[in-house]
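The structure under discussion appears below in the form of structure tokens.
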Amino acid sequence: MKSRHLIALLLPLCFLLLLIACQKEKPSSRLDGLDISSDSLRQDSVENVMEEMPMPKVADELFDDFIFNFAANRKLQMQRIAFPLEYETDGETKKLAKSDWKMDYLFMQEEFYTLLLDNEKQQQVVADTTVNSVVIEKIQLPQKHIKKYIFERTAGRWMLKKIHEEPLAANANGDFLDFYGHFATDTLYQSHSMADNVTFTAPDPEDELNNMTGTMMPEQWADFKPEVIPSGTIYNIDYGNTSHSDQQKTMLVRGIANGLETTLTFGKKGGHWKLTQFTY
């Protein structure tokens with residue numbers, strides 16, 4: 001992230017840290033027969049502060065900067081949705097009124113988000129200020145369902161223009177995601193879904209300042225696998241890749257407030273997806 005954009009991220013990241021802290025279990029109080037959670041009170045207070053802080057204009061240059069503000073600032077979110085919002089599901093399209101919208105934190109209440117890429121060069125698009133269309137995918141792996149938030153930049157302003165829901169099988173990455181949903185939750189299946197030799201880069205246990213690179217066999221997976229393998233509901237950001245490979249996928253996992261970055265690379269061999277490389 002370019003240094004001039006850091007300010008645009010600091011406020012929403014601070015909000016995230018406070019929000020996570022507020023989500024820990026605390027006793028709730030009762031007032032006039034109503035349950036009033038201290039969590040909700042603190043969250044509302046943080047959001048009120050965020051709403052009084054306008055998003056820097058520079059945040060519209062990169063989608064990364066914009067989306068963290070959009071997902072943390074209720075007032076800004078309402079301003080950056082094209083109401084009545086087109087909402088397509090089950091082949092039917094409806095219009096969502098402003099009064100029907102509820103604050104959507106997207107991946108801000110998660111520990112990480114992902115980038116699903118076909119090759120390493122596609123990572124460069126994240127810093128491309130000419131990108132004018134981005135899709136955030138809420139992927140529910142167990143339900144095999146995807147909710148797509150379609151953003152477009154018009155006249156220099158990012159706006160949420162449409163929401164589209166579809167079954168996993170209808171997605172361009174559906175075949176891989178169907179495989180990955182099984183891979184992410186089944187340790188035995190993970191071991192069976194390895195290339196004969198998997199290359200890896202990981203922290204050196206004898207030198208915390210450096211990494212080690214090597215090759216492992218499938219039976220060594222339990223000793224080397226990354227701590228985080230996203231499962232359940234995950235969020236993916238699609239920056240408008242022009243092509244989708246059906247033979248190779250790289251899942252880049254990025255932590256929101258913890259510096260985590262894990263890369264899992266898969267290749268399709270003999271009609272089956274196999275893990276070929278990983279870095280963390």
Over 60° means perpendicular and under 30° means parallel, so classify the ring planes of Phe200 and Phe224, tilted if in between. tilted

Mark yes or no for whether Glu152, through its side chain, and Asn132, through its backbone, hold a donor-acceptor pair below 3.5 Å. no

Check for me whether the distance between the ring centres of Phe278 and Trp221 falls short of 6.0 Å. yes

For atom CD of Gln143, is the number of surrounding heavy atoms from other residues, nucleotides or ligands below 6.0 Å larger than 12? yes

Show the numbers, then the answer: is there a ring-ring contact (aromatic ring centres under 6.0 Å, His included) between Tyr235 and Phe112? CA-CA 8 Å; Tyr235 283 84; Phe112 48 77; 9.9 Å; no

Using a 4.5 Å cut-off between side-chain heavy atoms of Ile, Leu, Val, Met, Phe, Trp and Tyr, which other residues end up in the same hydrophobic cluster as Ile150? Val135

Checking the side chain of Gln190 only, and the main-chain atoms of Phe183 only, is there a donor and an acceptor separated by less than 3.5 Å? yes

Centroid-centroid under 6.0 Å between Tyr239 and Phe151 rings: no

Is it the case that more than 12 heavy atoms not belonging to Glu92 sit under 6.0 Å from its CD atom? no

Between Glu111 and Asn258, is any side-chain donor less than 3.5 angstrom from a side-chain acceptor? no

Determine yes or no for a side-chain-to-main-chain donor-acceptor pair under 3.5 angstrom, with Glu137 supplying the side chain and Asn236 the backbone. no

Using the side-chain hydrogen bond (donor to acceptor under 3.5 Å, both in side chains) rule, collect all pairs that involve residues 271-280, keeping only residues at least two apart or in two chains. Asp175-Trp273

Would you find a donor on one side and an acceptor on the other, under 3.5 Å apart, between the side chain of Asp178 and the backbone of Gly181? no

Is Arg80 salt-bridged to Asp60, going by a charged N under 4.0 Å from an acidic O? yes

Should Asp118 and Lys249 count as an ion pair when the cut-off is N to O under 4.0 Å? yes

So with a 6.0 Å cut-off around CG of Asp196, is the heavy-atom count from everything else above 12? no

N-O pairing of Glu86 and Lys161 below 4.0 Å: no

With a 4.5 Å heavy-atom cut-off, do Arg254 and Thr114 have their side chains touching? no

So does Asp90 have more than 12 non-hydrogen atoms from other groups sitting under 6.0 Å from CG? no

